[in-house]
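Working notes, beginning with the structure itself.
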Amino acid sequence: MFLGPPGAGKGTQAVRLARARHLAHLSTGDLLRAAVAEGTPLGRAADAHIRAGRLVPDDLVLGALRERIGRSDARAGFVLDGFPRTLAQARALDAMAELDAVVSFELPEPVLLERLAGRRICPKCGAVYHVSASPPREPGRCDRDGVELRQRPDDRPEAVSVRLRVYAEQTEPVLAYYRERGLLRPLDASGSTDEVARRLTALLEGE
Ligand code: ADP
Ligand code: AMP
């Protein structure tokens with residue numbers, strides 16, 4: 001499980017780790033954005049919360065995660081990214097999965113803000129870029145499918161400040177929940193993507 005503030009690099013590392021270890025990548029943010037794009041009932045209920053930078057209500061997120069965790073590709077193991085974000089979600093997860101490790105991505109706020117401001121995503125495949133740290137080959141276009149990249153609505157400054165506050169108020173207690181259970185492993189999330197990946201590998205090999 002990867003915990004940490006928005007923009008810390010959880011998704012970037014989750015994609016790499018899942019590929020390297022043949023694990024499923026379970027991101028509730030990705031699930032919710034896909035639901036919004038498809039206009040499903042979940043997406044319609046979640047859209048305004050996401051845009052404003054607020055959390056989507058627990059019952060909706062839990063329903064989506066329960067369905068995702070039950071799919072066959074998750075049976076051999078998974079990386080959980082962006083879930084749980086509230087104590088109620090953490091308690092509900094106890095009945096759904098057994099955790100090997102909980103990694104807490106740590107990064108100073110000015111660096112988070114820089115990563116969030118420069119994040120661009122492909123609306124078609126969900127690939128994540130950064131305007132300076134990991135730009136696409138052709139400016140503004142996805143390497144995989146050539147689609148024009150976009151800024152997430154919740155990466156605009158108004159929503160970012162809400163998300164950082166929500167993280168401190170609602171998600172930091174989740175860190176304490178796993179710390180008390182001896183599962184929490186802090187990770188220095190600064191430096192290049194490769195550096196963070198190396199630190200993460202070393203940390204997981206120690207498990
Ligand atoms: P999270 O999933 O924690 O919100 P992301 O993985 O989407 O974070 O990363 C946020 C932004 O920072 C993205 O634009 C990503 O390309 C970029 N990024 C991720 N890791 C690094 C890194 N180690 N150095 C610089 N930029 C990074
Ligand atoms: P992320 O892609 O993880 O940054 O998530 C983007 C947005 O989706 C968040 O700001 C929330 O609005 C919503 N979201 C993602 N995961 C959760 C969750 N576990 N609980 C509640 N809302 C979530």
Side-chain angles (χ1 to χ4, degrees), residues 2-19 24-57 60-61 63-65 67-68 71 73 78-83 85 105 107-167 170-171 189-194 196-197:
F2 289 176
L3 295 177
K10 304 178 298 293
T12 302
Q13 297 298 331
V15 167
R16 284 177 71 137
L17 182 69
R19 255 191 221 135
H25 172 208
L26 273 52
S27 154
T28 43
D30 285 351
L31 287 178
L32 292 167
R33 276 185 293 280
V36 171
E38 286 162 26
T40 65
L42 169 66
R44 288 200 299 276
D47 192 22
H49 296 289
I50 297 173
R51 281 178 183 279
R54 295 187 306 264
L55 294 182
V56 172
L60 296 180
V61 179
L65 184 81
E67 190 274 325
R68 180 65 189 87
R71 279 193 232 159
D73 67 328
F78 49 79
V79 186
L80 254 187
D81 163 19
F83 182 96
R85 273 171 144 103
F105 283 58
L107 200 65
E109 189 166 310
V111 191
L112 289 176
L113 294 176
E114 227 176 87
R115 289 193 185 175
L116 291 169
R119 176 159 57 188
R120 299 292 182 272
I121 63 165
C122 172
K124 190 170 172 207
C125 72
V128 176
Y129 299 87
H130 188 278
V131 289
S132 54
S134 59
R137 284 191 294 272
E138 189 190 334
R141 299 218 166 261
C142 181
D143 291 344
R144 266 186 251 170
D145 44 39
V147 168
E148 195 176 335
L149 301 180
R150 288 202 198 138
Q151 183 172 41
R152 277 170 44 174
D154 58 343
D155 279 344
R156 296 179 206 283
E158 318 79 76
V160 163
S161 58
V162 176
R163 287 163 71 204
L164 292 174
R165 199 176 64 236
V166 164
Y167 180 78
Q170 303 199 53
T171 308
S190 66
S192 71
T193 305
D194 286 345
V196 180

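Quick note: numbers below take in every heavy atom, side chains included, and nothing from hydrogens, waters or symmetry partners. Source: prediction; values computed, not measured.
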TODO: Measure the shortest side-chain to side-chain distance between Asp81 and Val15 over non-hydrogen atoms and say whether it is less than 4.5 angstrom.
DONE: no

TODO: For Val56 and Ala46, work out which heavy atoms get closest and say how close.
DONE: CG2-CB, 3.9 Å

Open item on the list: How long is the straight-line distance from CZ of Phe105 back to CG of Leu112, given to the nearest 0.5 Å?
Closed with: 12.0 Å

TODO: Find the distance between NZ (Lys10) and OG (Ser27) and round it off to the nearest 0.5 Å.
DONE: 9.0 Å

Task: Interatomic distance, Leu42 atom CG to Leu31 atom CG [nearest 0.5 angstrom] - done: 8.5 Å

Task: Heavy-atom pair with the smallest gap, counting every atom of Val79 and Ala14 - done: CG1-CB, 4.0 Å

Open item on the list: Would you say that Asp154 contacts Val162 through its side chain, given a criterion of any heavy-atom pair below 4.5 Å between the two side chains?
Closed with: no

Throw together a table of side-chain donor-acceptor distances under 3.5 angstrom for residues 139-151, partners on residues two or more places apart or in other chains.
{"residue": "Arg141", "atom": "NH1", "partner": "Gly146", "partner atom": "O", "Å": "3.0"}
{"residue": "Asp143", "atom": "OD1", "partner": "Arg137", "partner atom": "N", "Å": "2.8"}
{"residue": "Asp145", "atom": "OD1", "partner": "Val147", "partner atom": "N", "Å": "3.4"}
{"residue": "Gln151", "atom": "OE1", "partner": "Arg156", "partner atom": "NH1", "Å": "3.3"}

TODO: Using the side-chain hydrogen bond (donor to acceptor under 3.5 Å, both in side chains) rule, pick out the option among Arg115, Arg163, Arg120 that qualifies with Asp155.
DONE: Arg163

Task: Sub-4.5 Å side-chain heavy-atom contact between Thr193 and Arg16 - done: yes

Open item on the list: Measuring only between side-chain heavy atoms, which start at C-beta, is Phe83 closer than 4.5 Å to Leu26?
Closed with: no

Open item on the list: Taking the side chain as everything from C-beta on, heavy atoms only, tell me whether His49 gets closer than 4.5 Å to Leu32.
Closed with: no

- [ ] Verify, without hydrogens or angle tests, whether Gln170 (side chain) and Arg165 (backbone) share a donor-acceptor contact under 3.5 angstrom.
- [x] no

Open item on the list: I want to check something: taking the side chain as every heavy atom from C-beta on, are Asp73 and Arg68 in contact at a cut-off of under 4.5 Å?
Closed with: yes

- [ ] Identify the two heavy atoms, one from Val160 and one from Leu116, that lie closest to each other, and give their separation to 0.1 Å.
- [x] CG1-CD1, 3.9 Å

- [ ] Would you give the length of the straight line joining atom CG of Leu55 to atom CD1 of Ile50, rounded to the nearest 0.5 angstrom?
- [x] 10.5 Å

